Trainee: 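Quick one: the structure is below, questions incoming.
What you see is a predicted model, and the numbers here were worked out from it, not measured in a lab. Position 1 is the first residue of the sequence; numbering continues from there.
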Amino acid sequence: MTIVPLLPNHWPAVEKIYQDGIDTGQATFETTTPSWEVWDKGHFDTPRLVMLDNSNKVQGWAALSPVSKGKVYSGVAEVSVYIATNHRGKGIGKRLLEELIIQSETAEVWMLQAVTFPENEASVKLHQSLGFRLVGRREKIAQQHGIWRDTVLLERRATDG
């Protein structure tokens, strides 16, 4: 397996993995995936990563998006990590997140944040295993299918900052 930059030609597989994550009801408040153009504009150019198997099939992806358009927040990014349904629990998320952290620091990102549902224990544990700390719980921050949901906020500071 190899981690490479996420390119436009990966989008069909990335979009499917993203939609599968959405369909779990535990990954995001989103209900459908955006177009490539919308997704592309909403994420930093780098790092964006995919994990490919030996036949170049996408098994997971990770990317960063800005938390704000304000210049003072230019070194702060939100993490997204999604793994194909049949490849969850195999360490792919950890490998992608490890590489995303390394590349984010090279790109002068000094703080990463992750937002997830508290019920998504695997995601919370994954982030904590790589140095993210639990900042807090945001109660009933938004509705998903008419039900108010909480999220937890985790953050990780760059090793040199």
Side-chain angles (χ1 to χ4, degrees), residues 1-22 24 26-52 58-84 87-88 90-118 120-138 141-142 151-161:
M1 291 190 284
T2 308
I3 296 174
V4 300
L6 189 161
L7 301 173
N9 64 300
H10 295 126
W11 179 246
V14 166
E15 182 180 28
K16 169 139 182 25
I17 292 168
Y18 189 17
Q19 186 63 54
D20 288 346
I22 290 170
T24 68
Q26 298 301 322
T28 179
F29 284 106
E30 299 298 330
T31 56
T32 60
T33 60
S35 67
W36 164 255
E37 293 76 18
V38 170
W39 188 92
D40 182 47
K41 287 179 184 173
H43 290 80
F44 290 123
D45 290 338
T46 186
R48 315 176 161 183
L49 307 170
V50 291
M51 173 74 77
L52 301 176
V58 176
Q59 297 186 9
W61 64 272
L64 298 179
S65 56
V67 298
S68 172
K69 293 180 183 178
K71 186 170 176 57
V72 296
Y73 293 102
S74 63
V76 182
E78 185 166 341
V79 172
S80 294
V81 179
Y82 286 79
I83 308 305
H87 291 290
R88 293 182 189 147
K90 298 179 180 179
I92 293 169
K94 186 168 188 172
R95 288 185 56 200
L96 280 166
L97 188 53
E98 285 171 332
E99 185 62 27
L100 194 72
I101 289 167
I102 291 166
Q103 290 190 28
S104 72
E105 291 184 12
T106 301
E108 299 182 3
V109 173
W110 61 271
M111 206 247 323
L112 296 174
Q113 76 173 30
V115 179
T116 191
F117 296 118
N120 191 344
E121 294 176 6
S123 181
V124 172
K125 287 178 183 175
L126 168 64
H127 286 85
Q128 288 178 320
S129 76
L130 293 174
F132 284 75
R133 71 177 184 90
L134 182 64
V135 175
R137 184 180 190 119
R138 299 184 293 183
I141 193 165
T151 60
V152 291
L153 174 65
L154 300 110
E155 72 173 31
R156 183 185 189 284
R157 304 290 172 130
T159 53
D160 64 356

Trainee: If I take atom NE2 from residue H127 and atom CG from residue L153, how far apart are they, to the nearest 0.5 angstrom?
Mentor: 11.0 Å
Trainee: Might you work through the side-chain contact (heavy atoms from CB on, under 4.5 Å) test for V152 and L134, ending with a clear yes or no?
Mentor: CA-CA 7 Å; V152 291; L134 182 64; 3.7 Å; yes
Trainee: Do you know the tightest heavy-atom contact between Q26 and N120?
Mentor: O-ND2, 3.0 Å
Trainee: I need the S80 OG to R48 CZ distance, nearest 0.5 Å.
Mentor: 11.0 Å
Trainee: Between Y18 and W39, is the gap from one ring center to the other below 6.0 Å?
Mentor: no
Trainee: Nearest heavy-atom pair of G42 and S65: which atoms, and what distance?
Mentor: O-CB, 3.1 Å
Trainee: Between T33 and E15, does the side-chain hydrogen bond (donor to acceptor under 3.5 Å, both in side chains) criterion hold? Intermediate values first, please.
Mentor: CA-CA 7 Å; T33 60; E15 182 180 28; 2.7 Å; yes
Trainee: Starting at OG of S104, measure out to CD of E99 and round the result to the nearest 0.5 Å.
Mentor: 10.0 Å
Trainee: Do P66 and Y73 touch side chain to side chain, with heavy atoms closer than 4.5 Å?
Mentor: no
Trainee: More than 12 heavy atoms of other residues, nucleotides or ligands under 6.0 Å from CD of Q128: is that the case?
Mentor: yes
Trainee: So E155 and L112, side-chain contact (heavy atoms from CB on, under 4.5 Å) or not? Walk me through it.
Mentor: CA-CA 6 Å; E155 72 173 31; L112 296 174; over 6 Å; no
Trainee: For residues L100 and R95, determine if any side-chain heavy atom of one lies less than 4.5 Å from a side-chain heavy atom of the other.
Mentor: no
Trainee: Does some side-chain heavy atom of Q113 sit less than 4.5 Å from a side-chain heavy atom of V79?
Mentor: no
Trainee: Check whether any side-chain heavy atom of H43 sits under 4.5 Å from a side-chain heavy atom of L64, and report yes or no.
Mentor: no
Trainee: Can you tell me if S74 uses its side chain to pair, donor with acceptor, with the backbone of K71 under 3.5 Å?
Mentor: yes
Trainee: In Å and rounded to the nearest 0.5 Å, what is the CD1 to CG distance from I101 to L97?
Mentor: 4.0 Å
Trainee: W11 and P34: which non-hydrogen atoms are nearest, and at how many Å?
Mentor: CZ2-O, 3.2 Å
Trainee: Counting C-beta onward and ignoring hydrogens, is there a side-chain heavy-atom pair between T46 and Q103 closer than 4.5 Å?
Mentor: yes
Trainee: Would a distance-only check, ignoring hydrogens and angles, find a side-chain to backbone donor-acceptor pair under 3.5 Å from T24 to D20?
Mentor: no
Trainee: Looking at every heavy atom in both A158 and V109, which two are closest together, and how far apart are they?
Mentor: CB-O, 4.0 Å
Trainee: Would you indicate whether the side-chain heavy atoms of V58 and M51 approach each other to under 4.5 Å?
Mentor: no
Trainee: Does the R156 side chain pair with the main chain of L130, one donor and one acceptor, at a distance under 3.5 Å?
Mentor: yes
Trainee: Using 30° and 60° as the class limits, which term best fits the ring planes of F117 and F29: parallel, tilted or perpendicular?
Mentor: perpendicular
Trainee: Would a 4.5 Å heavy-atom cut-off, applied to side chains only, mark P8 and W36 as touching?
Mentor: yes
Trainee: Hey, could you give me the CG/CG distance between D45 and L6, rounded to the nearest 0.5 Å?
Mentor: 11.5 Å
Trainee: Does a sphere of radius 6.0 Å around NZ in K16 hold more than 12 heavy atoms from other residues, nucleotides or ligands, not counting ones at 6.0 Å or beyond?
Mentor: no
Trainee: Does some side-chain heavy atom of I22 sit less than 4.5 Å from a side-chain heavy atom of T32?
Mentor: no
Trainee: Can you measure from CD1 (I3) to CH2 (W61) and round to the nearest 0.5 angstrom?
Mentor: 14.5 Å
Trainee: List the atom of V115, the atom of R138, and the distance in Å for their closest heavy-atom pair.
Mentor: CG1-NH2, 3.2 Å
Trainee: Let me see the working for I17 and I83 under side-chain contact (heavy atoms from CB on, under 4.5 Å), right down to the final yes or no.
Mentor: CA-CA 6 Å; I17 292 168; I83 308 305; 5.6 Å; no
Trainee: Can W110 and T159 be said to form a side-chain contact (heavy atoms from CB on, under 4.5 Å), step by step?
Mentor: CA-CA 8 Å; W110 61 271; T159 53; over 6 Å; no
